[in-house]
Amino acid sequence: MFVFSNNKAGMGSVDKERVNRIIYEMSKNSSYFKQAKLQDDKLDQKVAEMKVKLKALGTVRKAQRTRQADKIATELEAQRQLDEVCMVIDMDMFYAAVEVRDRPELADKPVAVGGESMISTTNYQARLKGVRSAMPGFIGRKLCPELVFVKPDYEKYTVVAEQIREIFREYDPRMRAYSLDEAYLNVTKVLTERLGLDGSNAQAGVAAPAAAAGASEHVCSGTYEAEADTSRRPSMGLNVTYPEKRYEGDEEDDEEARDGRSGERRSPRETRRIRLFEAARALAEEIRGRIREATKLTASVGIGPNFMLAKIASDWNKPDGQMCIGGDRAEVLRFLHDLPVRKIGGVGKVQEKCLREALGVVTCGDLFRERGSVIHVMTPHTSRWLIKASLGIASADHDVATEQAQAVGAVTRKQISKERTFGELSAPRDLLNKCREICDSLAAEMATKGLEAKTVGLKVKTTKFQVRTQDSTGNAYVSSADDLFSAASALLQREIQGAAAASAPGGKLRLRLMGVRASGFRGQAGAPILPGQATLDGFLSSKAAEGGCQGEDESGNDGKRQQREEEADSAGGAEQQPPGGLSRPSRPTPAAMEHPFVGGGQGRPGSRPRSKELLRGVQPATGIPRSALLATAAANVSCPVCGEELGAASNTALNRHLDACLGVCAPAGEGERGGVGGGGTGRRRSKEEAFPKKRAKVSSSGIERFLTPKELV
DNA sequence: TGGCGGAGG
DNA sequence: CCGACCTCCGCCA
Ligand SMILES: Nc1ccn([C@H]2C[C@H](O)[C@@H](COP(=O)(O)OP(=O)(O)OP(=O)(O)O)O2)c(=O)n1
Ligand SMILES: [Mg+2]
């Protein structure tokens with residue numbers, strides 16, 4: 001089977017055998033597990049395809065590829081920047097630490113913050129038992145019966161987050177908070193000031209130099225000492241293979257040329273770096289001390305010439321420690337050589353598996369060595385990003401580093417959504433009702449931010465854990481709950497019909513999660529985000545403000561922080577972002593397996609028509625533009641299911657109609673209209689009929705009149 | 001360009 | 001009997 005518990009920054013000494021066994025025992029029969037396995041199989045297929053593609057790569061061509069990769073590497077090397085000092089500060093077991101601090105009795109007990117369904121984080125005692133973040137509570141309990149569950153208190157965490165940010169700003173006013181417990185600081189300025197160094201010179205050398213290895217022993221403080229590097233040196237593909245400084249703009253620092261030697265004489269620049277990083281280590285101690293003093297909590301710090309490295313470093317000596325990857329190129333490469341690629345921000349489970357199983361790449365050293373293969377199978381964008389990471393080249397600029405991570409310093413938001421997990425729901429009526437609830441909530445959120453969206457999306461997760469999304473874009477902007485619901489419910493109808501049509505008689509859409517998303521905001525590409533606050537913060541506060549969810553779920557989540565670094569370039573040119581996907585040669589999409597409906601393994605659920613079709617579907621036969629549907633309110637009440645005009649009927653009358661209508665349409669689905677791809681053919685019908693579409697004006701705006709939560713049950 | 005799945009955090 | 005929210009990538013039509 002697949003990897004369950006990978007080693008995290010918890011404790012290495014965990015009875016992994018036992019943990020995995022228990023998790024497996026508890027999961028093997030669950031829908032979740034089955035779905036996970038399906039996805040894993042798909043991944044295996046992708047890996048297989050990559051292998052095939054690689055096999056076809058002859059020695060000659062591979063050498064060619066490697067040369068291409070070298071070209072990229074050289075180009076990237078020119079961007080290498082070692083004169084900035086970046087710092088990533090990450091609180092230790094954040095939520096749990098806060099809770100334990102406020103409840104001393106818990107100090108010696110294993111604690112989990114979260115609920116029965118999901119654990120947000122745990123303290124070290126719990127981690128020793130294998131209980132960690134993102135693990136469902138019931139498994140955590142099985143793993144550790146004494147586990148004490150504590151409900152998350154986001155407001156409290158937010159207060160703490162503000163406290164530490166206040167401190168961070170003193171050292172870097174441009175500091176970026178990635179999440180409540182993580183922040184990115186560029187402390188170059190403070191340090192140069194403290195040391196009375198000339199800050200300008202640092203900026204000067206854009207094209208970066210590398211330093212002599214002689215500084216290495218000064219550089220690391222932590223477990224990553226300059227230990228046995230001598231022994232691994234030989235095998236170090238990075239240093240050996242890479243065409244060192246042949247292309248570099250080496251005019252200035254010539255002595256750095258031999259970066260394998262010990263440099264007796266140091267260039268001024270080199271000396272500056274050493275002093276800078278030395279001071280940085282002291283600064284980190286200072287900051288940690290201040291955090292402890294102000295919050296009674298501990299944090300770990302990572303220092304490096306760029307954020308990618310600093311981030312990795314911050315995890316190195318995790319509990320209450322710090323680590324520094326100096327600004328010496330040789331040291332950076334030495335450090336990376338044996339570093340598992342998984343440590344790179346942006347490389348997750350999938351990337352890791354593809355690299356390892358298809359390319360035999362496990363460490364960054366391997367990654368660079370296989371660069372030829374990398375660019376052969378991966379997308380150009382991803383290849384470039386990976387090569388860059390393997391060389392430890394990244395940006396020292398907050399905005400670049402935190403970019404696409406809607407991280408806190410982000411300026412705009414591109415979408416906003418609301419989703420809820422609940423106990424199984426399948427009655428169309430309940431589904432619609434839930435949809436309405438979510439739309440209400442989303443609308444409220446949008447209102448506070450003054451957002452108007454052009455596209456509305458629906459997300460659905462079946463009880464089998466299959467996730468599906470749909471979007472519909474109109475020509476008008478919407479923001480009211482009514483309009484959101486009008487669009488979302490239309491989409492939901494498609495799902496309902498699709499399920500009914502594709503599955504056996506009586507088949508229906510059974511969901512455990514539903515979400516509604518709004519995007520394509522008015523005014524520019526994105527909407528401004530709260531000042532200084534991460535979207536995450538906004539999320540937490542809004543969530544805390546809302547009432548609890550319903551259903552037996554309760555969970556306790558927060559968002560997960562995200563982060564990314566990489567890329568730089570400021571000189572234009574193709575930019576790069578972390579991965580996103582690996583190049584995916586052809587796409588078989590074994591729809592049959594994943595889509596319960598649609599017997600013929602034809603395609604999307606209910607052979608969901610794509611693009612155009614979608615719009616057509618939602619659009620009323622009359623030819624009224626979607627925009628009208630979305631934007632308009634609904635003067636006249638009409639049924640969201642059949643579209644029949646209901647006039648000014650009373651709520652009860654409307655409800656009655658709804659029930660009748662749903663009762664007929666839902667189960668019957670395949671009956672006459674067959675709904676989507678219905679029938680045994682499995683073959684999709686002409687677009688026109690693919691979806692019987694409620695040929696009516698889906699101005700469900702009226703539905704809320706009676707489908708409002710309170711009234712319906 | 002719009003839409004959807006997916007990866008990653 | 002496994003969360004909520006968000007961004008970007010890749011592929012398709
Ligand atoms: N899947 C996840 C991961 C994290 N979090 C929350 C809880 C954490 O307290 C907080 C910070 O995440 P970290 O990854 O930094 O984890 P911790 O701070 O808890 O532990 P560590 O000591 O490893 O940093 O984010 C979450 O809700 N769900
Ligand atoms: Mg943390």
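The sequence lines fix the lettering, A, B, ..., with proteins before strands; numbering per chain opens at 1. All values reported here derive from a predicted model rather than from experimental measurement. Excluded from the calculations below are hydrogen atoms, water molecules and symmetry mates; all remaining heavy atoms, backbone and side chain alike, are included.
- In this structure, the side chains of A:Leu355 and A:Leu367 come closer than 4.5 Å at one or more pairs of heavy atoms.
- Listed nucleotides C:dG3, C:dC6, C:dG10 differ in distance to A:Thr379; the shortest reach to its side chain belongs to C:dG10.
- Ranking C:dC2, B:dG8, C:dC6 by closeness to the A:Gln415 side chain, first place goes to C:dC6.
- Which of C:dC5, B:dG3, C:dC6 sits closest to the side chain of A:Glu419 comes down to C:dC5.
- Between A:Tyr24 and A:Phe33, the ring centre distance stays below 6.0 Å.
- Note: A:Tyr32 and A:Phe465 have perpendicular aromatic rings, judged against thresholds of 30 and 60 degrees for the angle between ring planes.
- Comment: A:Glu99 does not engage A:Lys151 in a salt bridge, judged by the lack of any side-chain N to carboxylate O separation of less than 4.0 angstrom.
- In A:Lys464, the NZ atom is not crowded: 12 or fewer heavy atoms of neighbouring residues, nucleotides or ligands sit closer than 6.0 Å.
- The CD1-P distance, from A:Ile344 to B:dG9, rounds to 11 Å in whole Å.
- Contact annotation: A:Lys414 reaches the phosphate of C:dC8 (side-chain N/O to OP1 or OP2, under 4.0 Å).
- A:Arg517 has its CZ atom 10 Å from the P atom of B:dG5, to the nearest Å.
- Distance from the side chain of A:Ser27 is smallest to C:dC2 among B:dG8, C:dC2, C:dC5.
- Side-chain nitrogen and oxygen atoms of A:Thr473 include none within less than 4.0 Å of the OP1 or OP2 phosphate oxygen of B:dG2.
- The base of C:dC9 is not paired with the side chain of A:Thr382 by any donor and acceptor separated by under 3.5 Å.
- For A:His381, counting side-chain heavy atoms from C-beta on, the closest listed nucleotide (C:dG10, C:dA4, B:dG6) is C:dG10.
- Contact annotation: A:Arg413 reaches the phosphate of C:dC6 (side-chain N/O to OP1 or OP2, under 4.0 Å).
- Of all nucleotides listed (B:dG8, C:dC6, C:dC2), C:dC6 comes nearest to the side chain of A:Ile416.
- Between A:Lys142 atom NZ and C:dC1 atom P there is a gap of 10 Å when expressed in whole angstrom units.
- Rounded to whole angstrom, the span from the NZ atom of A:Lys461 across to the P atom of C:dC5 amounts to 12 Å.
- Comparing C:dC2, B:dG3, B:dG5 against the side chain of A:Asp471 picks out B:dG3 as the nearest.
- Of the candidates C:dC2, C:dA4, C:dC6, the closest approach to any side-chain atom of A:Ser417 belongs to C:dC6.
- Considering only heavy atoms from C-beta on, A:Lys349 comes within 4.5 Å of A:Asp40 through its side chain.
- As a whole-Å value, the separation of A:Lys42 NZ from B:dG5 P is 9 Å.
- Here B:dC4 presents its P atom at 7 Å from CG of A:Leu491, a figure rounded to the nearest Å.
- You'll find that the side chain of A:Ser120 is closest to C:dG3, out of C:dA4, C:dG3, B:dA7.
- Within the 4.0 angstrom heavy-atom criterion, base atoms lie near A:Ser30.
- Closest to the A:Arg512 side chain, of the nucleotides B:dG3, B:dC4, C:dC2, is C:dC2.
- What separates CG of A:Leu442 from P of C:dA4 is a distance of 15 Å, to the nearest Å.
- When rounded to the nearest whole Å, the span between CZ of A:Phe521 and P of C:dT7 equals 8 Å.
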